[in-house]
Amino acid sequence: MTEIAAIHRLTVGESHSVRKTISESDVYLYAGIVGDFHPNHVDAVYAAEHLGKRVAHGALLPGFVSRATVELIGDRLTPPGYAAQEFRLKLLSPVFIGDTIETTVTVTELNVERRKVIMSAEIKAADGRICAVGDTTVKVLRATAEPAAEKATV
């Protein structure tokens, strides 16, 4: 299967959403992975004074865009496969610990010549707040030649 044929498995306008309630453990695990223990995320008193309550790391949000993207395009681009190329998100409203967010990606462009799939992304809290908007791009990998079948020797 060529990369051109694979890209045609998708349709401009199709979308997919994922939902997640952000827990305290999500925030602490992420903080531990990246080493960001800013008090906005881990100190309830400090966060209450400055933001109302503790917030999730903004950098955590592209991960939900990635998850929605994988669930939308999944194995439809495999073979030949694909790789994330770009995430652009504008953070509009904090995601607080305990918020349930819904992340939606929508295919906005299929660029066959450049082997790119461009999708819009929106992250919305259950209370209606738009937390982030942006887009993401994946690159469809080049098809590789199938290895020649080995001849059986008798």
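By convention here, the first residue in the shown sequence is residue 1. Keep in mind that what you see is a predicted model, and the values were worked out from it rather than measured.
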Would [X] and [Y] show up in the same hydrophobic cluster when neighbours are defined by side-chain heavy atoms closer than 4.5 Å?
| X | Y | answer |
| --- | --- | --- |
| Val27 | Leu51 | no |
| Val70 | Ile101 | yes |
| Val117 | Val12 | yes |
| Leu77 | Val112 | yes |

Quick one: which residue pairs count as a salt bridge (Lys or Arg N to Asp or Glu O under 4.0 Å) with a foot in residues 40-65, not counting sequence neighbours?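 Matches after skipping sequence neighbours: Glu24-Arg54.
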For residues 58-69, which residue pairs pass the salt bridge (Lys or Arg N to Asp or Glu O under 4.0 Å) check, not counting sequence neighbours?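 Checked against salt bridge (Lys or Arg N to Asp or Glu O under 4.0 Å) - neighbours excluded - the pairs reaching residues 58-69 are Arg67-Glu71.
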Residues in salt bridge (charged side-chain N to carboxylate O under 4.0 Å, His left out) contact with Glu102, at least two apart in sequence or another chain: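 Partners of Glu102 by the salt bridge (charged side-chain N to carboxylate O under 4.0 Å, His left out) criterion, ordered by chain and then number, come out as Arg19.
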How would you list, by chain and number, every residue that makes a salt bridge (charged side-chain N to carboxylate O under 4.0 Å, His left out) with Asp75, sequence neighbours excluded? none
Show me, pair by pair, the donor-acceptor contacts under 3.5 angstrom made by side chains of residues 122-130, not counting sequence neighbours?
unit_1	atom_1	unit_2	atom_2	d
Asp127	OD1	Arg129	N	3.0
Asp127	OD1	Arg129	NE	3.1
Asp127	OD2	Arg129	NE	2.9
Arg129	NH1	Ser93	OG	3.2
Arg129	NH1	Pro94	O	2.5
Arg129	NH2	Asp99	OD1	3.3
Arg129	NH2	Asp99	OD2	2.6

Locate the shortest heavy-atom distance separating [X] from [Y]; write the atom from each residue and the value.
| X | Y | value |
| --- | --- | --- |
| Gly74 | Thr78 | O-OG1, 4.0 Å |
| Pro79 | Ala6 | O-CB, 3.8 Å |
| Leu91 | Ala132 | CD2-CB, 4.0 Å |
| Gly58 | Pro62 | O-CD, 3.6 Å |
| Ile97 | Ser23 | CG2-C, 4.0 Å |
| Val138 | Ala84 | CG1-CA, 4.1 Å |

The criterion is side-chain contact (heavy atoms from CB on, under 4.5 Å); which residues satisfy it with [X], sequence neighbours excluded?
| X | value |
| --- | --- |
| Arg88 | Glu86, Asp135 |
| Ala121 | Val65, Leu89, Val105 |
| Thr108 | Ile118, Ser120 |

So which residues get pulled into Tyr28's cluster when ILVMFWY side chains under 4.5 Å apart are joined, directly or through others?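 Besides Tyr28, the hydrophobic cluster comprises Phe37, Val42, listed by chain and residue number.
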Atom pair [atom1]/[atom2] of [X] and [Y] - distance to nearest 0.5 Å:
| X | Y | atom1 | atom2 | answer |
| --- | --- | --- | --- | --- |
| Arg76 | Ile7 | CZ | CD1 | 12.0 Å |
| Leu72 | Met119 | CG | CE | 6.5 Å |
| Arg142 | Thr2 | CZ | OG1 | 11.5 Å |

ring-ring contact (aromatic ring centres under 6.0 Å, His included) contacts touching residues 54-89 (sequence neighbours left out):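 Non-adjacent pairs meeting ring-ring contact (aromatic ring centres under 6.0 Å, His included): Tyr30-His57, His41-His57.
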Do the side chains of Phe96 and Ile22 get nearer than 4.5 Å, heavy atoms only? no
Evaluate the side chain to side chain contact (heavy atoms under 4.5 Å, CB included) criterion for residues Val107 and Thr11: first the C-alpha distance (whole Å), next the side-chain angles of each, then the deciding distance (0.1 Å), finally the verdict. CA-CA 7 Å; Val107 177; Thr11 305; over 6 Å; no
Could you list the residues that satisfy ring-ring contact (aromatic ring centres under 6.0 Å, His included) with His8, not counting sequence neighbours?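 Scan of His8 (ring-ring contact (aromatic ring centres under 6.0 Å, His included), adjacent residues dropped) gives none.
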Only counting residues at least two apart or in another chain, list the ones meeting side-chain hydrogen bond (donor to acceptor under 3.5 Å, both in side chains) with Thr104.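 Listed in chain order: Ser17.
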